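Everything on this sheet refers to the single structure shown next.
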Amino acid sequence: IQIIAKVQRYNLVGTITDVNKNIVTVSDFSGKTSLIDLSDTVNLKKIDTTHKIQTAKTVDFTKGSYVFVIGYLLDSNATQYSTLKALVYP
(Lines give C-alpha, C1' and ligand atoms only; values in the text may rest on other atoms or scores of the structure.)
Protein backbone atom coordinates (compact mmCIF):
# COMPACT_ATOMS: atom_id res chain seq x y z
CA ILE A 1 0.00 0.00 0.00
CA GLN A 2 1.32 3.41 -0.97
CA ILE A 3 0.05 6.58 0.68
CA ILE A 4 0.60 9.85 -1.12
CA ALA A 5 0.16 13.07 0.81
CA LYS A 6 0.13 16.43 -0.87
CA VAL A 7 1.59 19.28 1.14
CA GLN A 8 2.53 22.77 0.14
CA ARG A 9 6.29 23.07 0.13
CA TYR A 10 8.18 26.23 0.99
CA ASN A 11 11.71 27.20 0.00
CA LEU A 12 13.40 29.06 2.84
CA VAL A 13 16.76 30.76 2.38
CA GLY A 14 18.61 32.84 4.93
CA THR A 15 21.03 33.03 7.83
CA ILE A 16 20.75 30.98 11.00
CA THR A 17 20.27 33.43 13.88
CA ASP A 18 19.64 30.96 16.71
CA VAL A 19 19.95 27.24 17.42
CA ASN A 20 18.02 25.39 20.14
CA LYS A 21 18.66 21.63 19.85
CA ASN A 22 16.96 20.59 16.57
CA ILE A 23 15.12 23.89 16.10
CA VAL A 24 16.87 26.69 14.20
CA THR A 25 15.70 30.25 13.67
CA VAL A 26 16.39 31.54 10.16
CA SER A 27 16.24 35.16 9.08
CA ASP A 28 15.65 35.62 5.36
CA PHE A 29 17.02 38.50 3.33
CA SER A 30 13.91 40.62 3.93
CA GLY A 31 14.29 40.22 7.72
CA LYS A 32 11.43 37.74 8.24
CA THR A 33 12.29 35.00 10.74
CA SER A 34 11.12 31.40 10.63
CA LEU A 35 11.44 28.46 13.02
CA ILE A 36 12.63 25.27 11.34
CA ASP A 37 12.67 21.76 12.79
CA LEU A 38 15.82 19.85 11.75
CA SER A 39 15.06 16.37 13.01
CA ASP A 40 17.56 13.62 12.29
CA THR A 41 15.12 11.91 9.96
CA VAL A 42 15.40 14.52 7.21
CA ASN A 43 17.94 14.80 4.43
CA LEU A 44 20.64 17.13 5.85
CA LYS A 45 23.56 18.20 3.67
CA LYS A 46 26.46 20.62 4.01
CA ILE A 47 28.85 22.29 1.61
CA ASP A 48 32.41 21.89 2.87
CA THR A 49 35.33 24.28 2.35
CA THR A 50 36.23 22.54 -0.94
CA HIS A 51 32.64 23.16 -2.16
CA LYS A 52 31.68 19.48 -2.06
CA ILE A 53 28.29 18.42 -0.75
CA GLN A 54 28.43 15.97 2.14
CA THR A 55 26.01 14.43 4.62
CA ALA A 56 25.45 16.73 7.60
CA LYS A 57 24.22 16.42 11.17
CA THR A 58 22.22 18.94 13.14
CA VAL A 59 25.45 20.10 14.88
CA ASP A 60 26.66 21.39 11.47
CA PHE A 61 23.83 23.96 11.47
CA THR A 62 25.38 26.78 13.49
CA LYS A 63 24.57 30.43 14.15
CA GLY A 64 25.74 32.64 11.28
CA SER A 65 25.67 29.89 8.62
CA TYR A 66 23.66 30.24 5.43
CA VAL A 67 20.90 27.71 4.93
CA PHE A 68 18.51 26.55 2.21
CA VAL A 69 15.51 24.55 3.40
CA ILE A 70 12.64 22.81 1.65
CA GLY A 71 9.93 22.55 4.28
CA TYR A 72 6.23 22.45 4.95
CA LEU A 73 3.75 23.50 7.63
CA LEU A 74 1.82 20.71 9.34
CA ASP A 75 -1.37 22.78 9.32
CA SER A 76 -2.55 26.35 8.78
CA ASN A 77 -1.96 27.21 12.47
CA ALA A 78 1.61 25.91 12.60
CA THR A 79 4.38 28.35 13.49
CA GLN A 80 7.27 26.00 12.81
CA TYR A 81 8.30 24.44 9.51
CA SER A 82 8.98 20.72 9.26
CA THR A 83 11.91 19.98 7.00
CA LEU A 84 12.15 17.72 3.97
CA LYS A 85 15.69 18.74 2.95
CA ALA A 86 18.23 21.24 4.26
CA LEU A 87 21.60 22.45 2.98
CA VAL A 88 23.98 24.53 5.08
CA TYR A 89 27.06 26.58 4.15
CA PRO A 90 29.73 26.71 5.55
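All heavy atoms count here, side chains included; hydrogens, waters and symmetry mates do not. Owing to the predicted nature of the structure, the values given are computational and were not obtained by experimental measurement.
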Is any side-chain heavy atom of Ile16 closer than 4.5 Å to one of Thr25? no
Min side-chain heavy-atom separation Ile47-Leu87 under 4.5 Å: yes
Indicate yes or no: at least one non-hydrogen side-chain atom of Thr83 is less than 4.5 angstrom from one of Lys85. no
Counting only pairs under 3.5 Å, give me each side-chain donor-acceptor contact of residues 65-77, with atom names and distances, residues two or more places apart or in other chains.
unit_1, atom_1, unit_2, atom_2, d
Ser65, OG, Thr62, O, 3.2
Ser65, OG, Thr62, OG1, 3.1
Asp75, OD1, Asn77, N, 2.8
Asp75, OD1, Ala78, N, 2.9

Could you give me the CA-CA distance, side-chain angles and deciding distance for Arg9 and Leu84, then say whether side chain to side chain contact (heavy atoms under 4.5 Å, CB included) is met? CA-CA 9 Å; Arg9 295 180 181 183; Leu84 298 171; 3.4 Å; yes
List for me each residue that meets salt bridge (charged side-chain N to carboxylate O under 4.0 Å, His left out) alongside Asp37, sequence neighbours excluded, and say none if there are none. none
Common cluster, Leu12/Leu35, ILVMFWY with side-chain heavy-atom separation under 4.5 Å: no
I need the full list of side chain to side chain donor-acceptor pair (under 3.5 Å) pairs touching residues 47-56, with sequence neighbours left out, sorted by first then second residue. Asp48-Thr50, Asp48-Gln54
What heavy-atom pair brings Thr17 and Lys63 nearest, and what distance separates the two atoms? O-CE, 3.2 Å
Could you see if Phe61 belongs to whatever hydrophobic cluster contains Ile23? Use Ile, Leu, Val, Met, Phe, Trp, Tyr and a side-chain cutoff under 4.5 Å. no
Taking every heavy atom of Ser39 against every heavy atom of Asn22, the minimum-distance pair comes out as CA-ND2, 4.2 Å
Hydrophobic cluster identity match, Tyr10 and Leu44, side-chain contacts under 4.5 Å: yes
With a 4.5 Å heavy-atom cut-off, do Val26 and Asp28 have their side chains touching? no
If you apply the rule side chain to side chain contact (heavy atoms under 4.5 Å, CB included), what do you find for Lys45 with Asn43, and how did you get there? CA-CA 7 Å; Lys45 299 289 183 181; Asn43 187 357; 3.2 Å; yes
